[in-house]
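Data block below; observations after.
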Amino acid sequence: PYEGESRIALLNRIMPSELLHQEFTSLMYVPIPDEVREIYMRLGRPTPLRRARGLEKLIGNGVKIYYKFEGALPGGSHKLNTAVPQVYYASKDGAKEVATETGAGQWGLAVSIAAALIGIKAVVFMTKSSYLSKRQRVMFMRTYGAMVYPSPSEVTKYGVEAVKANPNHPGSLGLAISEAIDYVLQGEGRRYIPGSVLEFVLMHQTVIGQEAINQIPEEPDLVVGCVGGGSNFAGLTYPFIGAKLRGEGFEKTRFLAVESKAAPKLTQGRYEYDFPDSGGLLPMIRMLTLGHNYVPPPSHAAGLRYHGAAPSLSLLVKEGVVETRAYTQEEALEAGVLFARSEGIIPAPESSHAIRAVIDEARRMPKGSVILFNLSGHGLLDPDAYEKVNAS
Amino acid sequence: PYEGESRIALLNRIMPSELLHQEFTSLMYVPIPDEVREIYMRLGRPTPLRRARGLEKLIGNGVKIYYKFEGALPGGSHKLNTAVPQVYYASKDGAKEVATETGAGQWGLAVSIAAALIGIKAVVFMTKSSYLSKRQRVMFMRTYGAMVYPSPSEVTKYGVEAVKANPNHPGSLGLAISEAIDYVLQGEGRRYIPGSVLEFVLMHQTVIGQEAINQIPEEPDLVVGCVGGGSNFAGLTYPFIGAKLRGEGFEKTRFLAVESKAAPKLTQGRYEYDFPDSGGLLPMIRMLTLGHNYVPPPSHAAGLRYHGAAPSLSLLVKEGVVETRAYTQEEALEAGVLFARSEGIIPAPESSHAIRAVIDEARRMPKGSVILFNLSGHGLLDPDAYEKVNAS
Amino acid sequence: MGISRPALGLYLTATYPSTKRFLETLDKISGLVDFLEIGIPTRNPKYDGPVIRMAHQGAELMGLNAVKVTDDYSKYGKVPVLMGYISDYVNSLNDVAKTASDVGAATVLFPDLIFDYPELIGRYIEVMRSNGLAPSFFISSKTPYRLIRSLSEQEPLFIYLGLYAATGIKLPIYIEQNVVTIRGVLGDAFLIVGFAVNSPDMVRSLIKAGADGVVVGSAFIQRMSDLNDALSFLKWLRGGLP
Amino acid sequence: MGISRPALGLYLTATYPSTKRFLETLDKISGLVDFLEIGIPTRNPKYDGPVIRMAHQGAELMGLNAVKVTDDYSKYGKVPVLMGYISDYVNSLNDVAKTASDVGAATVLFPDLIFDYPELIGRYIEVMRSNGLAPSFFISSKTPYRLIRSLSEQEPLFIYLGLYAATGIKLPIYIEQNVVTIRGVLGDAFLIVGFAVNSPDMVRSLIKAGADGVVVGSAFIQRMSDLNDALSFLKWLRGGLP
């Protein structure tokens, strides 16, 4: 689809250089810069690892449940873990602006926060349908000082063409990516930063698991996370999986990746080379994918609607190291309500998928078993999701 | 106004007994029950005490600023600190339901969470105008399993009469209190619990200051909080004020209570006996008050619209132990935006009043001075407040 | 002139329900009480519950005139005490003290002194002393320890702890716990407790908790329509003293 | 039959831009390189950047036929290596190995073997050995350490580290850091590095970081329209060897 210069060569012009290095580094551990570490601490890292005693009591068979609460971060999700270093590296490149796309707005919000803290400008292309329905997130991004454009916008040729072709174009994540990249190529001092799928994004998120491995008082039998592109799941599990594969413990630990039936790439996708963006501007990667033109049905868990899973996660699934499961939105939100009432926290619709799996698994595990899951976000910015559940 | 039996005697029939004891206890310290302590820990206590390095840099004169982040609790405010023990004591009385009033919904949300965790029902009478405009909070209360009535409602005689007198009655906090109390008197196994002003509420909130006094690495020169009824301010400051008045440190520490110009009882109120509720159902208390019939202008900081301040706080102000300051909504929200952009957290409009005072005070304090303030809540459930700021 | 330990006291509102009946009651209770509190009738008995409010409203005379219907209360109870709201006498403190002295009272207790007029505490003590009276202080369970300690250093005749929020109305307060705590703060000062006392068991447990004296008011006044009934009640209560 | 240390290698796509010119180039580079990589022309050179893609498209012959235009590559470079995508030969591995053997190559390097066909690693080694060839492996900076170690235990002719994501395209990657790390993992195995090598400084710093051999491809092919220019470039590069 992309007929211009090499997609790989294009990366040089759009992405922060340190991130490209990280994508291809041979280091087993990449140091966190002091500046990023300080912001992590100011924003609430380490995040809490808590025991879900209320949920345990509800299940009632003596299975122990721990969760890592990434919703404790400002913006309410794990997205800040990678937004902060990405914006930091962009600023180290001398960038005055970072541009990105966002669907439901969780990633755009995280970038807006990181950019405010680091002192550069955030420009967010938000799919128009979300821009119109998720007014709060738009408003909060602006409160943080971000420039938010509905996509298709009038500021890039891709946006203008899309509107010309269809004046009521609702926008798509692929188009928003193309617009963000085009925006970056249009001017000096701009960098494009991505929210998921790329390996450095997953690597930044492993701060979650690095902390959890030190916080959890016992070896889990099962570690669970939800999967959009894979970053929150990988963030929690990779440090455990790494240790297990290296023979450094966790021999009996299972890993379960939970996705939405609205985008079931892990359970129904093909393992092949595909584009990470629907526009095909970025280099192809080998992953479990439903195809970059896959159009998912509407879901409140907008963060799980992505068509593919990160390459390393896809490989781990293919190799059988990571198990998979898909749930419907209703199954997930039902579990979300149970969690809210037993633990006091309204989970993000995305995280509710993980909770559903935790409940289902816990019910058939023996007494004394230990589960750890990632509560990747809270649901305070997703009232529409729960409105529906209450009505039913 | 209340012509029935003694208002004091009525307390026996509406409030959890342990709370009445706490209101009149002679103990200097009241132990926290293990059950409450466990829930506190599960919900995130101790809350973080953080250094606001971004805000410090913005002010730039070497003043150090710490804040206690109560918005880290589920529901996003300090209200849970007293909702949990109050619901707990109601359940110890054998109550199956707790009823309360709520204005903007922060208190109602906290009660809904506490009731879900403790396993009894919450019934919330929410002023009708807020019920219609704060749909998210209503929805989240219901997600936690609470029954939410717009007040005036059809389930109490006070509600029915109010609607009869004015079919478009917008509701008032006083009416909502009367409805909640009437609801409790109508049936068995019900208890009424209040969100602020009463001394046991302030006492429960001192968990904030007890933690802060252990967390802060140096003696503050200034401690700041915002005041609605006084509970979050007292919660943070009383342990410090107590120590100071007992000669156990903090000799040079000043205390500043910040209110909204929409309800300036601390700076313009009279110190006299007045009713805590506009309906006059509860016993009179001596406080700084604008009169129980005071109608504040609309404000996004709905939590600061109360007509009076808790008796002990009023006395401390009268005695000059606590200084006072009032700000307009615009002055406060401007500071809120500065804080969001420098610290990454969108503050509740109420807390923004404290932030405004912190900024103004910091600017005229010498280098090395230390300020501590209470970030009593985050603003993720107050998008309407910031919408206005962005537009300007 | 101290009060004996342990002591039972009685509160009456002067000239309620009539001067005659008030004097008759005084007559009959001699020997049944160790001290006597005479309320000065007022239009605004702010800390009182329904029974004593009614007694203020129903008194035949108002103010100090009501108190003066006898010239020596010590005839009826070993240690008489006048009780009034200082809000009524802010500008005539000396008149009250002189009246108290004239009618043989040992002190004037103002329940609202330290709550509503803390700035008058010094003047109050001075006026008491200059009229040959001892000061006495009313506190609540929430009065700061340091204030209680400084009051007890004034060698008061007694310190009176109101057990509840208003006279005659019980609330689920652990009053014994409060008495124990306040006793610990007070040192040797004479501690009187009252409000809603209505059984010998209650008298017993309050004395056991550390009170030196216990006062009954509403529960007696409620029974005054049948004076004999009221007197037997008082005797029954007295059985609670150790 | 090992490669000398340190070594400079050259990559050419067989029969590009024509059979004649390809053979002429081979002739001229003898003595200038320590080893030779001959690319088997393919329709889908998936890891290659624009220059080598163009070389595959512009080759006169396709597949193994292109390789067979000479019967002994060792005449031109001390150690010849065939290079192809295993995706083209999944069902004819033995044909490739036999061809390699016939034309005097020491190994066949499949860059996509461990990424896209890890299940064929065992079979690949077997086929190499049974045709008298040594195995060789292509890895990336992200290949797991344990996999690298197990590959190096197979006594490969060499292990080839691709420095960038595609041939001929530089990215801001700290390639020396990656070479140092991989060197540490590899032990004694012969380490060849390549992709976008275009200056003697780069050759020097890669050898210094731990590489045993460095390959040039795109930068040479780009210059082949003027063969003399290309040859001087190669000599210039060689100046980077210590």
Side-chain angles (χ1 to χ4, degrees), chain B residues 2-31 89-90 92-94 191 198-200 202-203 238 241-248 271-274 282-287 310-312 314-316 318-321, chain C residues 44-54 85 87 111-112 114-119 139-150 159 161-186 191 193 195-196 206 209-211 218 222:
Chain B
Y2 178 77
E3 297 298 338
E5 59 186 316
S6 159
R7 281 184 288 262
I8 290 174
L10 192 63
L11 294 178
N12 274 314
R13 294 176 48 203
I14 59 174
M15 289 180 69
S17 57
E18 184 72 28
L19 294 176
L20 288 171
H21 168 59
Q22 291 185 351
E23 187 70 6
F24 296 104
T25 184
S26 61
L27 292 176
M28 189 179 279
Y29 296 102
V30 173
Y89 291 126
K92 287 280 132 182
D93 269 8
R191 284 292 179 276
L198 292 183
E199 293 297 325
F200 65 78
L202 273 58
M203 189 261 288
Y238 279 14
I241 293 176
K244 177 177 180 170
L245 295 182
R246 290 192 301 271
E248 299 166 1
Y271 185 65
E272 63 187 22
Y273 283 92
D274 192 9
L282 295 171
M284 294 179 97
I285 51 181
R286 198 174 197 204
M287 59 181 174
S312 57
S314 296
L315 184 58
L316 288 166
K318 187 173 156 280
E319 294 291 323
V321 177
Chain C
N44 179 27
K46 52 190 174 183
Y47 298 170
D48 287 299
V51 172
I52 297 183
R53 278 182 175 263
M54 179 264 298
Y85 287 96
S87 45
D112 55 343
I114 73 161
F115 303 110
D116 293 347
Y117 297 90
E119 67 280 9
I139 62 173
S140 80
S141 52
K142 305 288 277 202
T143 304
Y145 294 177
R146 282 185 309 151
L147 178 54
I148 296 177
R149 279 195 200 99
S150 81
I159 283 181
L161 170 66
L163 295 170
Y164 295 105
T167 56
I169 301 174
K170 284 196 207 244
L171 291 173
I173 300 172
Y174 306 150
I175 51 174
E176 291 85 356
Q177 187 188 78
N178 286 349
V179 171
V180 168
T181 314
I182 300 294
R183 173 83 274 167
V185 176
L186 263 186
L191 175 62
V193 303
F195 283 24
L206 288 167
S218 298
Q222 220 165 10

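Order of the sequence lines sets the chain letters (A, B, ...), proteins ahead of strands, with each chain counted from 1. Just so you know, these numbers come straight off a predicted model, no measurement behind them.
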Atom group of B:L245 that falls short of 4.5 Å from chain C, counting heavy atoms: both
Residue C:Y164 versus chain B: region with a heavy atom under 4.5 Å: neither
Shortest non-hydrogen contact from C:K142 toward B:T25: CD-O, 3.1 Å
Part of B:L27 within contact of chain C (heavy atom distance under 4.5 Å): both
Minimum heavy-atom distance between C:I169 and B:A9, given as atom pair plus value: CG2-CA, 3.7 Å
Stepwise side chain to side chain contact (heavy atoms under 4.5 Å, CB included) check, B:M28 with C:Y145: CA-CA 9 Å; B:M28 189 179 279; C:Y145 294 177; 3.4 Å; yes
Per-residue contact mode, B:Y273 against chain C (heavy atom under 4.5 angstrom): side chain
Between CD on residue B:E18 and CD1 on residue C:I173, distance to nearest 0.5 Å: 11.0 Å
For C:P45, all residues meeting side chain to side chain contact (heavy atoms under 4.5 Å, CB included), sequence neighbours excluded: C:T42, C:D48, C:R53, C:H56, C:Y85
Please output the side-chain donor-acceptor pairs of residues 179-186 of chain C that fall under 3.5 Å, not counting sequence neighbours, one pair per line with the distance.
| residue | atom | partner | partner atom | Å |
| --- | --- | --- | --- | --- |
| C:T181 | OG1 | B:S26 | OG | 3.2 |
| C:T181 | OG1 | C:Q177 | O | 2.8 |
| C:R183 | NH1 | C:G210 | O | 2.9 |
| C:R183 | NH1 | C:D212 | OD1 | 3.4 |
| C:R183 | NH1 | C:D212 | OD2 | 2.8 |
| C:R183 | NH2 | C:G187 | O | 2.9 |
| C:R183 | NH2 | C:A189 | O | 2.6 |

C:L171, part contacting chain B, at a heavy-atom distance under 4.5 Å: both
Any donor-acceptor N/O pair, C:S141 side chain to B:F24 backbone, under 3.5 Å: yes
Sidechain-backbone polar pair: B:R246 side chain, C:R146 backbone, donor-acceptor under 3.5 Å: no
Exercise: do C:Y174 and B:Q22 side chains pair donor with acceptor under 3.5 Å: no
